[in-house]
Q: 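Sharing a structure, written as structure tokens. Questions coming.
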Amino acid sequence: MKDKLIRVISPFSLAMALMLDAAVIAFLIFAVNKIIAEASLINIAFLIIMIISVFIAFFTSKEVLSAGVKFTDEQFEFTAIDDNNVFNYCDIEKIESSKDVSASFKKNFIDRYSHITVYLKDESIVTINLGLTTRKTLNKITAEIKSRIK
């Protein structure tokens, strides 16, 4: 089968990353205009800080957008977590997914997180917390894993 990446990104995280990137770019333009108007020490310091902020914003956005599930021929990997994130298809017995979508004013965002439960053949169970994702993304990930399990 073909290698595939399904991005797992929260709509809120995407919106926040885009807004922060836009703010950094706007401040960079402001800093350049201040340097053009008057080249003082404070304006140069502000420009240097904004240039550093552009790099930080770039790498933060890259990290937010690279989170997902990477599928290869033999295994799949959750790229947003550091430990216990690679699973071989031949080791999986079954897989389940869950997401609370019921209406409630008492629940926090944490209660709305998507979870994938992987039941391994050695009788261990691993639950992966994907964070705030859409139901469509969760179903797409679960269906892809189920189609590759042997």
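Being a predicted model, the structure only gives us computed values, none of them experimental.
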Q: Applying side-chain contact (heavy atoms from CB on, under 4.5 Å), can you list everything that pairs with Glu38, at least two apart in sequence or on another chain?
A: Ser40, Asn43

Q: Atom NZ in Lys146, atom CG in Asn139: separation rounded to 0.5 Å?
A: 9.0 Å

Q: For the pair Arg7 (side chain) and Ala67 (backbone), establish whether a donor and an acceptor sit closer than 3.5 Å, ignoring hydrogens and angles.
A: no

Q: Say you draw a straight line from OG1 of Thr60 to CG of Asp21; how long is it, rounded to the nearest 0.5 Å?
A: 8.0 Å

Q: When hydrophobic residues are tied together by side-chain contacts of less than 4.5 Å, even through go-betweens, does Val86 share a cluster with Ile95?
A: no

Q: Can any side-chain N or O of Ser13 pair as donor or acceptor with the backbone N or O of Ile9 at less than 3.5 Å?
A: no

Q: Establish, for the pair Lys4 and Phe71, whether the NZ or CZ atom is under 6.0 angstrom from the six-membered ring centre and no further than 45 degrees off its axis.
A: no

Q: For Leu14 and Leu65, run side-chain contact (heavy atoms from CB on, under 4.5 Å): C-alpha distance rounded to whole Å, both residues' side-chain angles, the deciding distance at 0.1 Å, then the answer.
A: CA-CA 8 Å; Leu14 179 62; Leu65 294 174; 3.8 Å; yes

Q: A quick test of your reading: do over 12 heavy atoms of other residues, nucleotides or ligands sit less than 6.0 Å from CD of Glu96?
A: yes

Q: Same hydrophobic cluster for Ile51 and Phe46, using side-chain heavy-atom links shorter than 4.5 Å among ILVMFWY?
A: yes

Q: Can you classify the ring geometry of Phe27 versus Phe30 as parallel (below 30°), tilted (30 to 60°) or perpendicular (above 60°)?
A: perpendicular

Q: With rounding to the nearest 0.5 Å, note down the distance linking NZ in Lys34 to CG in Leu47.
A: 12.5 Å

Q: From Met50 CE over to Ile56 CD1, what is the distance, rounded to the nearest 0.5 angstrom?
A: 9.5 Å

Q: Between Ser66 and Thr79 (side chain of the first, backbone of the second, donor and acceptor by atom type, cut-off under 3.5 Å), is there such a pair?
A: no

Q: Would you say the side chain of Phe78 lies within less than 4.5 Å of the side chain of Ile116, judging by non-hydrogen atoms?
A: yes

Q: Is Ile6 linked to Val64 within one hydrophobic cluster, defined over Ile, Leu, Val, Met, Phe, Trp and Tyr using a side-chain heavy-atom separation of less than 4.5 Å?
A: no

Q: List the steps, then state whether salt bridge (Lys or Arg N to Asp or Glu O under 4.0 Å) holds for Glu144 with Lys140.
A: CA-CA 6 Å; Glu144 187 69 29; Lys140 189 187 301 185; over 6 Å; no

Q: With the side chain counted from C-beta on, respond yes when Asp91 and Asp122 share a heavy-atom pair under 4.5 Å apart, and no when they do not.
A: no

Q: Check whether Leu28 and Phe55 end up in the same hydrophobic cluster, where Ile, Leu, Val, Met, Phe, Trp and Tyr are linked by side-chain heavy atoms less than 4.5 Å apart.
A: yes

Q: Treating Ile, Leu, Val, Met, Phe, Trp and Tyr as nodes and any side-chain heavy-atom pair under 4.5 angstrom as an edge, say whether Ile29 and Ile52 lie in one connected cluster.
A: no

Q: Measure across Ala57 and Val24 and return the closest heavy-atom pair with its distance rounded to 0.1 Å.
A: CB-CG2, 4.1 Å

Q: Quick one: list whatever passes side chain to side chain donor-acceptor pair (under 3.5 Å) with Asn33, sequence neighbours left out.
A: none

Q: CD of Glu93 to NZ of Lys121: how many Å apart, nearest 0.5 Å?
A: 8.0 Å

Q: Could you give the distance from CG (Asp73) to CG (Asn88), rounded to the nearest 0.5 Å?
A: 12.0 Å

Q: Less than 4.5 Å apart, any side-chain heavy atom of Ile92 and any of Phe87?
A: yes

Q: Could you check if a side-chain atom of Ile125 sits within less than 4.5 angstrom of a side-chain atom of Val118, using non-hydrogen atoms only?
A: no

Q: Cut-off 3.5 Å, side chains only: do Thr72 and Asp3 have a donor facing an acceptor?
A: no

Q: With heavy-atom distances below 4.5 Å as the criterion, would you say the side chains of Val69 and Val8 are in contact?
A: yes

